[in-house]
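Side chains included, hydrogens not; waters and symmetry mates left out as well; all remaining heavy atoms used.
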Amino acid sequence: MRKRIVLTLVAGLALSAAVAIVACNSHAGSSEANAAEVPSAAVATVTPGTITHTLNLAGQFQPYQVIDVHAKVSGYIRHIYVDIGDKVHQGQVLAILEVPELSAQLKGTVSELARSKDEITRAEHDVARAQSEHSSLHADFTRLQQAAAAQPGLIAQQELDDAQSRDLASEAQVDAAKAALAAAKQQSGVAGADNERVGALENYTRVTAPIDGVITWRYADTGALIQAGTSSDIQSLPVVKLSQSNLLRLRLPVPEDAVQYIHEASEVEVKVDAINRSFVGKVVRFTRNISLATRTMETEIDVENKDLSLTPGMYANTTLELERKTNVLTIPVQAVVRNGNQSTVLVVDNQNRVQPRNISLGLQGSALVEVTGGLTAGERVITGGQSNYQVGETVKPRLEHLPASDISAEQPGGEQ
């Protein structure tokens, strides 16, 4: 009997222990199940950042100036000193023309100028002689007039009239001599101007470079007849083509929707793959006119090319900064749910509960978007899978870090 009682007690204790173990295991399993039911959510903090909107364009280098150098006078080329690819400086002689008739004309104008100066000298002597005669005759008339006034009847009236007439005639001779002198001076001026004209034409037999540049083409050789470039009724042949290549124009076709962002002195990043060179340029000028055919506006950047490493016609890849927003509130683009014109995000509050929030957006980059209203710095937003969460649901936030800046690169035609 005692042995049976002991066995019963042992069995009871074992059963109690088993029940306790089962109860403990059941409680632990319930806790683990509750923890597993709280979903995890990737969140990002609303933080200040920088968003830049850029436009990538392909441009082409053009010479700053291209000039067909003509001769001012017609003649045969006696010497030509340059050829394709030669670098020349302003004022450098490119060719010399042979124009014999100009030399003869120049000698004639020199002689005419000397003759006109001699005419001036002769006219000056005539004025001096006429003034001397007039002084003598005027003195005679004055003496006769004074004598007649002192002793009336002493001098005949006829004699007084003759003296007065000679006096007036000599005065007229003085005026005529002075007029002749003025005409001689004017004729000398005409002769001098004609001499300068023919001398200038004779100087044009030396064809010179109007600017610094590179000879890109040579149209004529020694002995070729060159017509004057001022004549409009004939097809005059240039001597050479001159390109100013030490300063280039980089021309960019800016699309219509980006024209509003183009301003003088705007910085442009330029990369020339052909020579593996990169630099920063500035917008210098633009046409302020959109082409009806291409719907683009020509925009130019001046590029120094003193070493001539860049060749006109080369292509360059450029990046124009259209718009930049600094120190603005930003969130990831994927955090925004758009429904028509309304933008919404899911905010995780301080109790880790999900709450919807309508927001206003500004400039958008490739990864970040500007928030202009509806959120404050430090708030947390869910960055993906928004349809998996319910309003008021408790989540376990998993923080993702945002970049401090973002660049949106747009290609021509609006592609990003």
**OP:** Given side chain to side chain contact (heavy atoms under 4.5 Å, CB included), test D406 with T330 step by step and report yes or no.
**Re:** CA-CA 10 Å; D406 183 28; T330 60; over 6 Å; no

Nearest heavy atoms of [X] and [Y], plus distance in Å:
{"X": "A316", "Y": "V272", "answer": "CB-CG2, 4.1 Å"}
{"X": "K178", "Y": "V127", "answer": "N-CG2, 3.5 Å"}
{"X": "L97", "Y": "I77", "answer": "CD2-CG1, 3.6 Å"}
{"X": "V283", "Y": "H263", "answer": "CB-O, 3.5 Å"}

Original post:
Per the side chain to side chain contact (heavy atoms under 4.5 Å, CB included) rule, which among V345, V391, L346 passes with Q355?
Top reply: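 Answer to the side chain to side chain contact (heavy atoms under 4.5 Å, CB included) test with Q355 among V345, V391, L346: V391.
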
Answer yes or no: is there a donor N or O on one side and an acceptor on the other, between the side chain of [X] and the main chain of [Y], under 3.5 Å?
{"X": "S278", "Y": "K271", "value": "no"}
{"X": "R249", "Y": "Y64", "value": "yes"}
{"X": "S188", "Y": "A184", "value": "no"}

**OP:** Let me see the working for S243 and S245 under side-chain hydrogen bond (donor to acceptor under 3.5 Å, both in side chains), right down to the final yes or no.
**Re:** CA-CA 6 Å; S243 171; S245 299; 3.1 Å; yes

**OP:** Might you work through the side chain to side chain contact (heavy atoms under 4.5 Å, CB included) test for F286 and E264, ending with a clear yes or no?
**Re:** CA-CA 8 Å; F286 45 91; E264 291 183 5; 4.0 Å; yes

**OP:** Could you walk me through whether V239 and Y219 pass the side chain to side chain contact (heavy atoms under 4.5 Å, CB included) test, one step at a time?
**Re:** CA-CA 5 Å; V239 179; Y219 295 98; over 6 Å; no

